[in-house]
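All heavy atoms count here, side chains included; hydrogens, waters and symmetry mates do not. The structure displayed is predicted, hence computed values, not measured ones.
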Amino acid sequence: MTLELERTRADLTAGSSLHVTKLGERIGAVISGVRLGPGLDPAVVAEIRAALLEHKVVFFRDQHLDDDAHIAFAEQMGQVTSAHPTVNTGSAQVLSLNATKGMAANSWHTDVTFVDRIPAISILRGVVIPPYGGSTVWANTETAYDLLPAPLKALVDDLWALHTNEYDYAAVSDRIDRDEDQVFSRAEFERVPYETEHPVVRIHPETGKRVLVLGHFIKKFTGLNTSESHALFNLLQNRVTKLENTTRWSWRQGDVAMWDNRATQHYAVADFGEERREVRRITIAGDVPVSPDGRRSRVVKGDAEAFSRIEELIS
């Protein structure tokens with residue numbers, strides 16, 4: 001965390017009822033002492049944002065938000081995007097991820113990296129939680145970069161990758177019965193094709209830190225063949241998802257998780273048998289990634305303007 005962020009956090013914490021409890025050295029914290037929803041004090045919103053930038057993912061127990069309160073809280077964190085670039089689950093701004101028979105987003109990913117304007121923040125709430133399993137794991141892509149050996153840093157600092165929605169982490173397999181209300185198919189996810197070239201290392205727009213842009217929407221690395229891309233992808237992903245670089249959340253109904261989508265990956269664990277699991281997500285608009293040498297991500301296919309407008313970040 002930068003000195004400026006440390007001072008901001010110290011100023012905001014003085015006299016605040018919020019309490020931030022770290023879950024691990026590299027990632028994760030629980031925030032208590034606040035009821036999420038509309039009309040939060042701007043100082044409280046700023047403290048939550050400071051905690052988010054420091055810990056990468058923060059959790060709030062027993063909030064029990066409905067869609068309106070979820071949206072109202074999200075709007076205080078930034079510009080809310082549409083629910084998804086391609087999928088419609090019944091709400092303009094809230095994406096319902098409703099899984100049964102052990103299906104979940106069980107692949108390491110950063111949300112919506114197949115478009116140029118990667119969301120800044122994702123806010124997820126637990127609606128239906130199975131009696132066992134169904135936890136979510138997050139990994140810190142900032143520390144993953146920081147801990148790379150010098151030769152790998154030299155490689156990735158000038159490396160680019162093609163991301164596409166051809167690879168759908170949330171697609172429901174053919175094992176799911178098609179009469180379920182909230183199931184969406186791979187065909188729906190891919191109905192508008194997107195491809196974007198992103199730098200593998202981007203400069204975080206708020207912290208100024210270097211973070212890795214990876215995850216399973218990557219199709220290949222620019223200039224490498226398929227075999228080389230797979231080998232390098234696995235090498236880098238293993239650095240990101242090393243256990244010491246992760247935190248795991250066991251959901252209860254009413255919980256809220258919020259993560260910095262620019263500095264994390266996550267994985268929903270599909271270990272809940274045939275129980276139902278529903279979580280709902282709202283995303284906050286982000287900007288176009290910038291590489292260490294100042295180049296911006298490049299759209300190859302698809303226009304994401306309807307999903308997210310690019311605006312200046314909250315100062």
Quick note, side chain to side chain donor-acceptor pair (under 3.5 Å) partners involving residues 289-303, not counting sequence neighbours, are Asp158-Arg295, Glu197-Arg298, His198-Ser297, Ser291-Asp293, Asp293-Arg295

Between [Y] and [X], is there a side-chain heavy-atom distance shorter than 4.5 Å?
{"X": "Tyr267", "Y": "Thr241", "result": "no"}
{"X": "Ile48", "Y": "Met258", "result": "yes"}
{"X": "Leu214", "Y": "Thr141", "result": "no"}
{"X": "Asp62", "Y": "Asp255", "result": "yes"}
{"X": "Val200", "Y": "Leu212", "result": "yes"}
{"X": "Leu235", "Y": "Leu232", "result": "yes"}
{"X": "Arg49", "Y": "Ile121", "result": "yes"}
{"X": "Gln79", "Y": "Ser308", "result": "yes"}

In terms of hydrophobic clustering (I, L, V, M, F, W, Y; side-chain heavy atoms under 4.5 Å; direct or indirect links), are [X] and [Y] co-clustered?
{"X": "Val112", "Y": "Val290", "result": "no"}
{"X": "Trp160", "Y": "Ile203", "result": "no"}
{"X": "Leu155", "Y": "Leu147", "result": "no"}
{"X": "Leu224", "Y": "Val156", "result": "yes"}

Could you tell me the separation between the [atom1] atom of [X] and the [atom2] atom of [Y], rounded to the nearest 0.5 Å?
{"X": "Ile218", "Y": "Gln237", "atom1": "CD1", "atom2": "CD", "result": "7.0 Å"}
{"X": "Leu159", "Y": "Leu236", "atom1": "CG", "atom2": "CG", "result": "7.5 Å"}
{"X": "Arg277", "Y": "Asp271", "atom1": "CZ", "atom2": "CG", "result": "9.0 Å"}
{"X": "Glu274", "Y": "Arg276", "atom1": "CD", "atom2": "CZ", "result": "15.0 Å"}
{"X": "Glu142", "Y": "Thr207", "atom1": "CD", "atom2": "OG1", "result": "5.5 Å"}
{"X": "Thr196", "Y": "His163", "atom1": "OG1", "atom2": "NE2", "result": "8.5 Å"}

List the residues meeting ring pair (Phe, Tyr, Trp, His ring centres under 6.0 Å) with Phe59, not counting sequence neighbours, and say none if there are none.
Trp138, Trp249

Taking only residues two or more places apart in sequence or in another chain, which ones pass ring pair (Phe, Tyr, Trp, His ring centres under 6.0 Å) with Phe233?
His216

Of all the heavy-atom pairs spanning [X] and [Y], show the shortest one and how long it is.
{"X": "Gly78", "Y": "Ile284", "value": "CA-CG2, 3.6 Å"}
{"X": "Gly28", "Y": "Thr247", "value": "CA-CG2, 4.1 Å"}
{"X": "Ala29", "Y": "Val20", "value": "CB-CG1, 3.7 Å"}
{"X": "Gly126", "Y": "Val279", "value": "CA-CG1, 4.1 Å"}
{"X": "Gly215", "Y": "Gln265", "value": "N-NE2, 3.5 Å"}
{"X": "Pro119", "Y": "Asn261", "value": "O-ND2, 3.1 Å"}

Decide side-chain contact (heavy atoms from CB on, under 4.5 Å) for Thr143 and Ile27; before the verdict, give the C-alpha distance in whole Å, the side-chain angles of both, and the deciding distance to 0.1 Å.
CA-CA 9 Å; Thr143 53; Ile27 184 171; over 6 Å; no

Using a side-chain heavy atom cutoff under 4.5 Å and only I, L, V, M, F, W and Y, what cluster partners does [X] have?
{"X": "Val127", "answer": "Val128"}
{"X": "Val213", "answer": "Ile118"}
{"X": "Val300", "answer": "Leu162"}
{"X": "Val299", "answer": "none"}

Would you call Glu278-Arg280 a salt bridge at under 4.0 Å N-O?
yes

Got a salt bridge between Asp157 and Arg210, using NZ or NE/NH1/NH2 to carboxylate O under 4.0 Å?
yes

Is the ring pair His266/Trp259 parallel, tilted or perpendicular, if the boundaries are 30 and 60 degrees?
tilted

Could you label the plane-to-plane angle of the Phe114 and Tyr194 rings as parallel, tilted or perpendicular, counting under 30° as parallel and over 60° as perpendicular?
tilted

Salt bridge (Lys or Arg N to Asp or Glu O under 4.0 Å) partners of [range], not counting sequence neighbours, each pair once:
{"range": "residues 24-39", "answer": "Lys22-Glu25"}
{"range": "residues 143-156", "answer": "Asp146-Lys209"}
{"range": "residues 220-241", "answer": "none"}
{"range": "residues 115-134", "answer": "Asp67-Arg125, Arg117-Glu305"}

Between Trp251 and Leu124, does the side-chain contact (heavy atoms from CB on, under 4.5 Å) criterion hold? Intermediate values first, please.
CA-CA 11 Å; Trp251 289 91; Leu124 191 71; 3.6 Å; yes

If we check side chain to side chain contact (heavy atoms under 4.5 Å, CB included) with Tyr145, which of these qualifies: Val240, Val201, Val211?
Val201

Between Ser122 and the options Asp260, Thr283, Asp111, the side-chain hydrogen bond (donor to acceptor under 3.5 Å, both in side chains) test singles out Asp111

Test your reading of the model: is there a side-chain donor-acceptor pair from [X] to the backbone of [Y], 3.5 Å cut-off?
{"X": "Glu47", "Y": "Val45", "answer": "no"}
{"X": "Gln63", "Y": "Leu36", "answer": "yes"}
{"X": "His204", "Y": "Leu53", "answer": "no"}
{"X": "Gln76", "Y": "Gly37", "answer": "yes"}

Side chains of Arg248 and Ser135: any donor to acceptor distance under 3.5 Å?
yes

Partners of Asp41 by salt bridge (charged side-chain N to carboxylate O under 4.0 Å, His left out), sequence neighbours excluded?
none

